[in-house]
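Taking it in order: structure first as structure tokens, then the write-up.
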Amino acid sequence: MNGAHTSIRDILYEPPGPKARRAIFWATAASLAALAALAALIVRQFYVTGQLDGKYWSIFTRYTTWRFLAKGFAGTLEVALSSSVVAFAMGMLLMMGRISRSRALNWLCTALIELSRGIPTLLFIYFFFLFAPQLGLKLSAFWKITLPVAISAAGVVAEVLRSGVNAVPRGQTEAAVTLGMRGRSVFFKIVFPQAFRYVIPSLIAELVIVLKDTTFAYVVNYADLMQNAKVLISNYDALLSVYLVAAVIYILVNYALNKMSVAVAGLTRTPAMPGK
Amino acid sequence: MEQGQKIVGKEPIIELRHINKHFGSVQVLKDVSLTVHKGEVVVIIGPSGSGKSTLCRTINRLETIDSGEIVIDGAVLPQEGKQLAALRSQIGMVFQSFNLFAHKRILDNVTVAPRDVLHTPKKQAEAEAMELLRRVGVGDQAHKVPAQLSGGQQQRVAIARALAMHPKAILFDEPTSALDPEMIGEVLDVMTELAREGMTMVIVTHEMAFAKAIADRVVFLEDGQIVEESTDPKAFFDEPATERARLFLRALEH
Amino acid sequence: MSITALLTQFGDRYLAALWTTYKLTALSFILAAALGIVITVMRISPIRPLRIAADLYVQVFRNIPGAALLILLVYALPYLQVVLSYFTCVLTATTLIPAAFCSEYLMSGMNTISPGQIEAARSLGMTFLQMIKNVVLPQAVRSSVLPMTNLLVATMLTTALASQVPLSPTDLTGIVSYISTHAVGGVTAFLISAALYCATAVVIGQVGNLIDRKVRILR
């Protein structure tokens with residue numbers, strides 16, 4: 001009967017007595033009224049500034065609008081997925097270096113992880129946007145956004161993977177060694193698959209951060225959801241509505257990813273580890 | 001009267017009158033009435049799911065009741081507010097899972113309520129706490145935090161914490177169920193000592209030998225009902241009056 | 001361009017940029033923490049509409065990209081006749097987003113408290129406020145140290161958004177693009193900014209670890 005309470009929310013307050021019930025009733029009514037007033041104020045502001053006008057919103061009844069936004073979103077996804085793959089590869093290498101027995105490699109990878117985690121994505125983007133050409137690196141807009149976003153995520157991915165490896169019980173390695181398996185094959189066949197299972201939720205959560213970072217694609221002129229929204233805006237002169245819809249798309253997609261992360265965490269029965 | 005048996009007073013400390021409680025559609029307490037007198041040790045036994053823990057927890061309203069009345073030392077247990085807190089402060093509680101405050105040192109675990117609820121001066125509260133900790137045998141642990149103590153030690157601290165409020169009675173909700181076998185004895189010893197000193201106690205337990213030794217009265221609960229009550233624990237455990245109690249006790253022997 | 005040459009020419013601007021980043025970080029963090037606490041109180045209140053509104057807040061602002069929020073604040077709000085200065089826009093964005101994460105950290109910090117401790121506090125006769133003061137708050141705060149240092153670093157990284165609006169003085173990211181348009185070989189500028197960000201992040205992390213080791217609750 002005690003185990004039924006899972007969250008602090010459910011246990012913090014006692015079952016209310018009559019007085020508390022009355023207080024909660026009135027507070028609920030008052031807060032409902034306040035929230036309704038706030039909503040009304042916002043809607044009113046939209047109304048008096050003419051932003052509720054049909055011309056701003058009717059474009060969303062058109063198939064072409066959504067197709068164009070979808071095309072932009074495809075660009076966003078392309079960058080996000082490519083970045084994730086690159087970040088995973090880099091994170092994997094960093095993690096291997098971090099847990100290796102070589103002191104120098106250890107130190108180097110620790111430093112690289114700190115750099116990846118301690119520098120804003122935008123600064124990495126500026127590096128690829130402004131200076132990579134000066135250094136003789138000719139990159140397409142796609143890579144100019146994909147690489148910095150990946151670099152920015154790699155450090156967290158490395159740490160997430162490492163926490164997964166650390167969570168695999170020592171006995172697993174020992175058992176494999178007694179069976180005559182060798183170091184590398186123990187790691188890749190026994191330890192890592194388990195570690196990976198543990199950290200899937202955290203990796204999905206990191207995908208959210210990657211997806212958010214791709215919105216800086218406008219800096220390098222890559223056609224993502226935001227860029228296509230901008231084109232729509234200049235075509236239809238409907239800035240507020242289009243940007244609002246774009247923001248809601250991002251929020252919903254990320255929300256879905258987070259939900260997925262929690263669901264997967266529930267399946268693998270390990271709590272999601274904190275990301276960046 | 002047998003030698004060594006203490007005299008139980010006539011003054012009721014806890015009165016439960018016609019308590020009913022449901023969890024959803026399941027009725028877990030069915031018209032339960034029980035009076036605990038001053039200095040009395042009442043042991044509640046019964047199969048798991050019989051409602052004995054719930055009954056114990058209704059006494060200080062950690063569980064609400066649907067109907068009935070709970071009277072603590074002549075005052076009806078209120079449903080909320082300062083009055084409820086005040087009555088609770090007079091009834092100690094010891095939980096199955098110890099529930100010490102994880103961030104506080106052992107000494108502070110014992111002093112926090114006396115200082116904040118009873119407004120006992122710090123010096124006095126600490127002196128009393130040290131005395132209590134020594135009494136339950138963990139005086140030398142006072143400056144550690146709960147996680148550094150064994151389960152048995154933690155439970156003894158929990159008893160000291162309850163005692164520090166100078167309660168009129170203490171409720172024990174399966175105090176040894178979460179303990180490793182070798183630690184059960186040390187906690188039961190402290191409880192036996194308390195009983196000898198005349199503390200009013202309500203104990204929910206699965207330790208039948210202990211129950212037999214310590215109880216002034218045994219209450220056998222099944223399916224939310226008091227099936228049998230006996231002021232002669234020896235007789236109850238050797239030859240219970242009801243068939244259901246007999247079945248329960250026999251099942252335990254195997 | 002060498003570091004000395006760069007610092008002679010742009011040294012003052014660099015200091016100003018560093019100050020802008022620190023100022024934005026500190027202001028955002030304080031405001032985000034305050035807002036995060038308010039949101040958390042709403043989320044754990046027994047008042048349904050407040051719970052729902054605060055939950056919604058957290059979901060919106062932990063999922064919206066910083067750039068999208070900043071663009072809305074800078075370009076869309078004026079259409080609703082709400083015109084904020086660039087600095088206010090940035091500060092708003094770098095406050096609203098970390099506040100959502102702050103609330104998430106506080107919630108998980110509180111969830112580390114076993115329900116049994118709350119029942120124990122009640123059984124000792126503590127009132128709701130006494131329980132909050134003695135049991136809930138101290139534990140929630142102490143187990144939030146590491147998440148909060150992470151939040152402080154994340155907030156600092158978020159303030160790079162300031163480079164996306166014309167601010168004077170600009171921030172540590174903005175100055176890199178400024179220098180690269182006013183001089184050749186701005187890679188040095190990039191390196192200096194990167195080093196400053198990273199050093200700050202490492203220091204914050206170390207201090208956080210130090211505090212955490214002092215106050216961590218053994219379980």
Side-chain angles (χ1 to χ4, degrees), chain B residues 53 56-57 59-63 72 80-105 108-119 144-149 154 157-158 161-173 178, chain C residues 33 37 40-41 44-48 50-51 102 105-149 207-219:
Chain B
S53 261
C56 182
R57 289 159 55 83
I59 295 173
N60 60 1
R61 207 176 183 273
L62 289 181
E63 297 284 356
I72 306 288
E80 59 195 332
K82 285 212 169 78
Q83 298 85 354
L84 174 63
L87 268 193
R88 274 175 174 164
S89 72
Q90 301 170 15
I91 302 289
M93 176 126 189
V94 175
F95 300 84
Q96 180 178 339
S97 49
F98 330 136
N99 296 342
L100 295 184
F101 303 128
H103 62 301
K104 284 189 184 294
R105 293 178 310 161
D108 301 329
N109 257 282
V110 181
T111 58
V112 57
R115 289 187 57 196
D116 215 33
V117 177
L118 304 178
H119 307 291
K144 294 186 179 166
V145 293
Q148 293 170 303
L149 269 58
Q154 289 195 47
V157 174
R161 178 173 69 177
L163 285 172
M165 296 297 285
H166 305 291
K168 291 175 176 162
I170 303 186
L171 315 171
F172 294 84
D173 183 8
Chain C
I37 290 169
T40 308
V41 170
I44 59 174
S45 79
I47 299 151
R48 279 280 301 273
L50 292 186
R51 275 188 181 202
C102 175
Y105 297 148
L106 290 176
M107 288 295 272
S108 53
M110 279 195 290
N111 273 325
T112 60
I113 304 167
S114 61
Q117 290 185 47
I118 294 188
E119 291 191 337
R122 271 185 205 139
S123 78
L124 287 166
M126 288 188 202
T127 60
F128 178 75
L129 286 178
Q130 285 171 332
M131 172 191 85
I132 294 286
K133 183 187 92 181
N134 291 316
V135 180
V136 178
L137 257 190
Q139 295 197 56
V141 167
R142 286 167 62 166
S143 53
S144 301
V145 171
L146 277 190
M148 283 304 172
T149 43
V207 172
N209 276 332
L210 217 74
I211 298 174
D212 178 61
R213 224 166 297 149
K214 279 229 163 111
V215 304
R216 178 181 296 166
I217 300 164
L218 280 175
R219 283 181 205 285

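All heavy atoms count here, side chains included; hydrogens, waters and symmetry mates do not.
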Practice problem: Could you tell me whether the side chain of C/R51 and the main chain of C/S45 form a donor-acceptor pair under 3.5 Å? | Solution: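 Indeed, once roles are kept as given, a pair shorter than 3.5 Å links the two residues.
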Quiz item: Any idea which heavy atoms bring C/P138 and C/I132 closest together, and the distance?
Solution: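 Closest approach of C/P138 to C/I132, heavy atoms only: CD-O, 3.8 Å.
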If you count heavy-atom pairs within less than 4.5 Å of chain C, which of [options] leads?
{"options": "B/L100, B/L84, B/I91", "value": "B/L100"}
{"options": "B/R88, B/R161, B/H103", "value": "B/H103"}
{"options": "B/L62, B/L87, B/V145, B/D116", "value": "B/D116"}

Quiz item: Contact part of B/N60 toward chain C, heavy-atom cut-off under 4.5 Å: side chain, backbone, both or neither?
Solution: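 Side chain only.
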Quiz prompt | Side chain, backbone, both or neither of B/Q148 within contact of chain C (heavy atoms, under 4.5 Å) | solution =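 Only the side chain of B/Q148 comes within 4.5 Å of chain C.
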Considering only heavy atoms from C-beta outward, does the side chain of [X] approach that of [Y] to under 4.5 Å?
{"X": "C/N134", "Y": "B/F101", "answer": "no"}
{"X": "B/V112", "Y": "B/V117", "answer": "no"}
{"X": "C/L106", "Y": "C/I37", "answer": "yes"}
{"X": "C/E119", "Y": "B/M93", "answer": "no"}

Quiz prompt | Choice from C/L124, C/V135, C/T127, C/L218 maximising heavy atom contacts with chain B below 4.5 Å | solution =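 Result: the option with the highest number of such pairs is C/L124.
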Quiz item: With only heavy atoms counted, which part of C/R142 is less than 4.5 Å from chain B, the side chain, the backbone, both or neither?
Solution: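 C/R142 touches chain B through side-chain heavy atoms alone.
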Exercise. Can you tell which part of C/I217 gets under 4.5 Å to a heavy atom of chain B, answering side chain, backbone, both or neither?
Key: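 Looking at C/I217, just its side chain touches chain B.
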